[in-house]
Amino acid sequence: MLRKIDKNEKKRAIALAAIPLLAEFGLVKTSVEMIAARANVAKGTVYLYFKTKEEIILEIWNYADELLYSNRQKRFQNCTTATQKLVVYFDYSILEEDYSINTLLKILAMNMSIILNLSHKGLVKNFKLERLKELDDLEKIIKEGVYTKEFKAVDTRLIATLFSNMFKGTIISAICLCKGIEEIREEVHAQKNLLISMLQED
């Protein structure tokens, strides 16, 4: 007996099929027909799940966010200190375990462009929720370090916000300046080290 295809699985499959097309041709030049052909579905099926191509970007970014969270949680299991968790938290190469980081950066560039233009309410709302979760996750690690006396007493929300904003700014700047992944990694690595040195007791 054939397994009934879950609608969420189908939606995700169409979005993932669009990743290489969007990365190569961009949002404007990637047509729904191209996405349908790549996903091996009818054009009408794409529209059944996505009203616009921007919604496909949103689904892709949700996928990347879930992937990052899942891979982080796996690595956190091997961490015995808050410092180790911060190292993992800022190590975005863990996305490469499942997908090309350069490809996902191109998708992120499209995502940020749409958000900065405030041209898609769903993406803007999703970005706000993602930012709040990001702050909560980072603050949780810092609080853990403060509680165990690994870190000195600080305003954990302020520090989390400062470094979360710094990281996002680094990514947006890198996209605008067309920096390579290695340059981005070096900058993020330096920021991570600064955060750890600020938190650790003198």
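Nothing fancy with the numbering, it's 1 onward along the sequence. Owing to the predicted nature of the structure, the values given are computational and were not obtained by experimental measurement.
- With hydrogens and angles ignored, the 3.5 Å screen pairs no side-chain donor or acceptor of Glu59 with any backbone N or O of Ala15.
- For Lys85, the salt bridge (Lys or Arg N to Asp or Glu O under 4.0 Å) partners two or more places apart in sequence, or in a different chain, are Glu144.
- In this structure, Leu48 is a member of the same hydrophobic cluster as Met34, with clusters built from ILVMFWY side-chain heavy atoms closer than 4.5 Å.
- Contact detail for Glu134 and Ser164: the closest heavy-atom pair is OE1-OG, 2.6 Å.
- Salt bridge status for Asp136 with Arg131: absent, with no side-chain N to carboxylate O gap under 4.0 Å.
- Between Tyr49 and Ile56, the closest side-chain pair of non-hydrogen atoms is not below 4.5 Å.
- Linking Ile, Leu, Val, Met, Phe, Trp and Tyr whenever their side-chain heavy atoms come within less than 4.5 Å puts Phe76 and Phe151 in one cluster.
- Here the side chain of Ser197 pairs a donor or acceptor atom with the backbone of Leu194 at under 3.5 angstrom.
- Rounded to the nearest 0.5 Å, atoms CE (Met198) and CG (Leu162) are 6.0 Å apart.
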List the steps and the verdict of salt bridge (charged side-chain N to carboxylate O under 4.0 Å, His left out) for Arg75 and Asp91.
-> CA-CA 10 Å; Arg75 290 203 183 182; Asp91 182 9; 2.9 Å; yes
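- One finds the CG atom of Leu138 at 6.5 Å from the CG atom of Leu86 (value rounded to the nearest 0.5 Å).
- With rounding to the nearest 0.5 angstrom, the NZ atom of Lys53 is 8.0 Å from the CG atom of Leu22.
- Atoms OG1 and CG, from Thr156 and Leu135 in turn, are 11.0 Å apart once rounded to the nearest 0.5 Å.
- Partners of Lys143 under the salt bridge (Lys or Arg N to Asp or Glu O under 4.0 Å) rule, at least two apart in sequence or in another chain, are Glu139.
- In this structure Asp155 satisfies the salt bridge (Lys or Arg N to Asp or Glu O under 4.0 Å) test with no other residue, sequence neighbours excluded.
- Val41 and Lys10 make their closest contact through CG1-NZ, 3.5 Å (heavy atoms, listed as atom of the first residue, atom of the second, distance).
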CA sep, side-chain torsions, deciding dist, call: Ile196, Val87, side-chain contact (heavy atoms from CB on, under 4.5 Å) = CA-CA 9 Å; Ile196 292 172; Val87 171; 4.0 Å; yes
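- Cluster membership for Leu68 and Leu129, using ILVMFWY side-chain heavy atoms within less than 4.5 angstrom, is not shared.
- Taking the side chain as every heavy atom from C-beta outward, Tyr69 and Gln73 approach each other to under 4.5 Å.
- By the rule that hydrophobic residues join a cluster once side-chain heavy atoms approach within less than 4.5 Å of another member, Leu158 and Phe90 end up as members of separate clusters.
- With rounding to the nearest 0.5 angstrom, the CD1 atom of Ile57 is 9.0 Å from the CD1 atom of Ile19.
- Here the OG1-NZ distance, from Thr83 to Lys192, works out to 10.5 Å after rounding to the nearest 0.5 Å.
- Salt-bridge annotation for Asp137 and Arg72: absent, with no side-chain N of the basic residue lying under 4.0 Å from a carboxylate O of the acidic one.
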